[in-house]
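Each chain gets a letter, A, B and so on, in the order its sequence line appears, and its residues count up from 1. Heavy-atom basis, side chains included; hydrogens, waters and symmetry copies ignored.
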2 protein chains.
Amino acid sequence: MTRTYPKIQPYSQDCNDCPIRHRAVCARCESDELELLEQFKYYRSFEAGQTVVWAGDKMDFVASVVTGIATLSQTMEDGRRQMVGLLLPSDFVGRPGRETSAYDVTAATDLVMCCFRKKPFEEMMLRTPHIAQRLLEMTLDELDAAREWMLLLGRKTAREKIASLVCIIARRDASLQLNTSDGELRFDLPLTREAMSEYLGLTLETVSRQMSALRKEGLIVTEGKRQIVIPDFDRLLEETGDDSDGGFLV
Amino acid sequence: MTRTYPKIQPYSQDCNDCPIRHRAVCARCESDELELLEQFKYYRSFEAGQTVVWAGDKMDFVASVVTGIATLSQTMEDGRRQMVGLLLPSDFVGRPGRETSAYDVTAATDLVMCCFRKKPFEEMMLRTPHIAQRLLEMTLDELDAAREWMLLLGRKTAREKIASLVCIIARRDASLQLNTSDGELRFDLPLTREAMSEYLGLTLETVSRQMSALRKEGLIVTEGKRQIVIPDFDRLLEETGDDSDGGFLV
DNA sequence: ATCAGCTATTGATCTACATCAAGGCGCGGG
DNA sequence: CCCGCGCCTTGATGTAGATCAATAGCTGAT
């Protein structure tokens with residue numbers, strides 16, 4: 001016996017105010033069955049620096065980033081912090097089947113999230129198999145990204161780490177924005193030196209020094225505080241230590 | 001409209017020769033619909049050190065570890081290696097929806113895996129929603145483990161890394177074996193110093209030194225080459241830098 | 001018994017990054 | 001205008017862990 005289920009349209013690019021957006025399950029572009037999600041959907045805004053949830057706190061919703069950047073971090077007792085997730089617009093956060101957040105969720109910039117209460121979300125997951133399949137796909141992508149990140153943390157030099165981070169953000173950005181055609185990439189890197197250091201497992205001083213080094217060598221150009229131009233993406237890529245072809249998976 | 005689907009029995013402990021075992025989808029203990037998986041199931045054995053698949057190679061199966069230990073690693077062009085997955089018995093490997101392996105899969109010890117051809121597996125996933133749900137759950141667990149691992153790689157000292165690894169293996173082992181009641185844990189750590197160093201983002205010399213240090217301080221006792229006794233688990237835990245309560249999620 | 005080939009240990013030295021410390025720049029408020 | 005506060009940069013110094021190197025145990029082959 002073969003059944004058919006309502007199809008989730010994956011990666012629908014232009015559904016900008018959907019509750020769980022194009023990299024996630026898009027409820028807007030869906031069958032009737034999914035309409036009911038709408039009634040549980042709500043938006044929340046945060047200012048840069050604010051905490052969305054603390055590790056261990058109750059988190060009764062799942063969400064996706066609409067605008068801005070959120071981070072997931074772990075903190076050790078003595079204060080050492082490691083970022084373990086970087087959420088850009090369209091990324092999903094929250095784990096069906098868990099009561100509390102395992103990580104600090106923080107707004108790295110001003111942030112708007114689109115939230116669902118977890119209960120109805122879980123119920124719908126049971127009724128609509130394609131959601132679980134879509135979510136599985138997303139989670140596998142995240143796992144691959146985490147593993148790439150592990151290579152960075154475990155084996156790359158400070159210089160390679162910085163180059164990698166800049167490339168990662170540039171790619172994510174480029175896949176959304178229109179890229180400036182002729183090899184040159186322009187985008188803003190909306191992370192403080194401290195946030196970068198938490199991402200990379202470095203101190204902020206080392207981040208600053210290595211950024212200066214890349215700047216002096218012309219691999220990156222900074223305009224103002226956060227705006228970055230990469231004159232030659234391929235040249236910067238060579239500094240990451242990654243295989244030239246190897247896929248970034250985010 | 002509410003439908004019901006065949007239920008997957010999760011974590012069924014005593015289904016030892018099931019193709020995808022208790023931490024995964026258990027096909028043995030299932031509805032008729034799942035029976036057809038059996039015909040695509042086959043076993044493969046590897047000797048310690050052998051490679052199961054190379055990163056980039058075609059991988060037309062998914063599998064679970066039956067006995068032994070497998071690892072997932074990434075290699076940089078200049079040979080630096082980082083382990084990104086450690087697969088103990090019952091762990092699942094392979095990604096539905098991808099043609100090639102993203103990682104080197106290697107037998108750390110003699111290894112038996114139970115494999116499925118990917119095509120029929122994927123087809124069944126579409127027909128049997130609970131499989132995707134179960135797989136999602138497993139993948140989320142793995143993601144949490146990966147994030148714990150990122151904290152280790154990014155922020156822990158060599159000593160903390162070693163203590164953490166020993167604790168992780170001990171826990172995984174204890175959850176399968178009968179633990180030796182009175183606080184004392186005995187198990188074997190079936191990884192070479194080199195494998196440990198690839199897990200931890202260290203050199204094998206540093207691993208060796210730190211193991212010696214823990215031994216001299218009586219935090220661990222080694223019997224023979226690979227057998228390890230932890231006289232006082234809680235005392236070793238304190239050396240990991242982790243929150244005393246905080247959940248290891250593997 | 002001897003030797004080759006692993007794996008592990010231990011020592012000596014080097015270095016990339018952390019740590020400590022001192023400004024500098026930009027921005028908003030009084 | 002000045003001051004305080006975030007954020008960033010840069011310098012001086014310290015150190016954990018890498019690197020280089022020698023040796024030791026263990027296993028299996030001759």
Side-chain angles (χ1 to χ4, degrees), chain A residues 47-50 76 78-82 106-110 152-166 188-217 220 222-228 239 241, chain B residues 47-50 76 78-82 107-110 152-166 188-217 220-228 239 241:
Chain A
E47 285 174 26
Q50 270 191 298
M76 295 171 68
D78 61 3
R80 281 175 282 173
R81 273 172 78 82
Q82 176 64 50
T106 311
T109 63
D110 290 346
L152 177 147
L153 290 171
R155 293 302 181 191
K156 289 190 180 179
T157 65
R159 182 187 174 87
E160 289 168 340
K161 286 178 175 181
I162 299 283
S164 299
L165 176 55
V166 173
D188 63 51
L189 194 158
L191 297 175
T192 64
R193 298 288 181 256
E194 189 181 24
M196 291 175 71
S197 75
E198 283 178 15
Y199 185 110
L200 299 170
L202 298 169
T203 60
L204 67 91
E205 292 95 327
T206 299
V207 171
S208 183
R209 272 185 254 272
Q210 295 295 338
M211 287 291 285
S212 299
L214 293 181
R215 198 184 322 116
K216 274 169 198 146
E217 296 171 38
I220 59 175
T222 54
E223 298 187 345
K225 213 72 189 188
R226 297 282 170 79
Q227 192 82 358
I228 286 200
E239 302 297 328
Chain B
E47 286 174 24
Q50 270 191 300
M76 295 171 68
D78 61 3
R80 280 175 281 174
R81 273 171 77 83
Q82 176 63 51
T109 63
D110 290 346
L152 177 147
L153 290 171
R155 295 300 182 192
K156 289 191 179 177
T157 65
R159 182 187 173 87
E160 288 168 341
K161 285 178 176 182
I162 299 283
S164 300
L165 176 55
V166 173
D188 63 51
L189 193 158
L191 298 175
T192 64
R193 297 289 180 254
E194 189 181 21
M196 291 174 71
S197 75
E198 283 177 15
Y199 185 111
L200 300 170
L202 298 170
T203 59
L204 68 91
E205 293 95 328
T206 300
V207 171
S208 183
R209 271 184 254 272
Q210 295 295 339
M211 287 291 284
S212 299
L214 293 182
R215 197 182 324 114
K216 273 168 199 149
E217 296 171 39
I220 59 176
V221 181
T222 53
E223 297 187 345
K225 212 72 189 188
R226 298 280 170 80
Q227 192 81 356
I228 289 201
E239 302 295 329

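- Between the P atom of D:dG17 and the CG atom of B:L152 lies a distance of 12 Å, rounded to the nearest Å.
- When the P atom of C:dA8 is taken as reference, atom CD of B:E223 falls 17 Å away, rounded to whole Å.
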Checklist outcome for this item: 5' to 3', nucleotides 5-12 of chain D under a 4.0 Å protein heavy-atom cut-off (B base, S sugar-phosphate only, - none) gives ---SBBBB
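- By the side chain to side chain donor-acceptor pair (under 3.5 Å) test, B:S212 is found to be paired with no residue, residues two or more places apart in sequence or in another chain being considered.
- Distance, A:R80 CZ to D:dA16 C1': 13 Å, rounded to whole Å.
- The nearest whole Å value for the distance from the CD1 atom in B:I162 to the P atom in C:dT9 is 11 Å.
- Sparse packing is recorded around CD of A:E47, with 12 or fewer heavy atoms of other residues, nucleotides or ligands lying under 6.0 Å away.
- One atom, CD of B:E160, and another, P of D:dG17, lie 9 Å apart when rounded to the nearest Å.
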Could you go through residues 190-204 of chain B and list every donor-acceptor pair under 3.5 Å that involves a side-chain atom there, pairing it with any protein atom two or more places apart or in another chain?
residue	atom	partner	partner atom	Å
B:T192	OG1	B:E194	N	3.3
B:T192	OG1	B:A195	N	2.9
B:S197	OG	B:E194	O	2.6
B:E198	OE1	B:R81	NE	3.4
B:E198	OE2	B:R81	NE	3.4
B:T203	OG1	B:T206	N	3.3
B:T203	OG1	B:T206	OG1	3.0

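- Distance CG (B:L214) to C1' (C:dT9): 15 Å, rounded to an integer number of Å.
- B:G201 comes within 4.0 angstrom of the backbone, heavy atoms only, and of no base.
- Partners of B:R155 under the side chain to side chain donor-acceptor pair (under 3.5 Å) rule, at least two apart in sequence or in another chain, do not exist in this structure.
- Residues passing the salt bridge (Lys or Arg N to Asp or Glu O under 4.0 Å) test with B:E217 are B:R159, sequence neighbours excluded.
- Every residue two or more places apart in sequence or in another chain was checked for a salt bridge (Lys or Arg N to Asp or Glu O under 4.0 Å) with A:E205, and none qualifies.
- For the pair A:R155 CZ and C:dC17 C1', the computed distance is 16 Å after rounding to whole Å.
- Here the P atom of nucleotide C:dC17 and the NZ atom of B:K156 are 22 Å apart, to the nearest Å.
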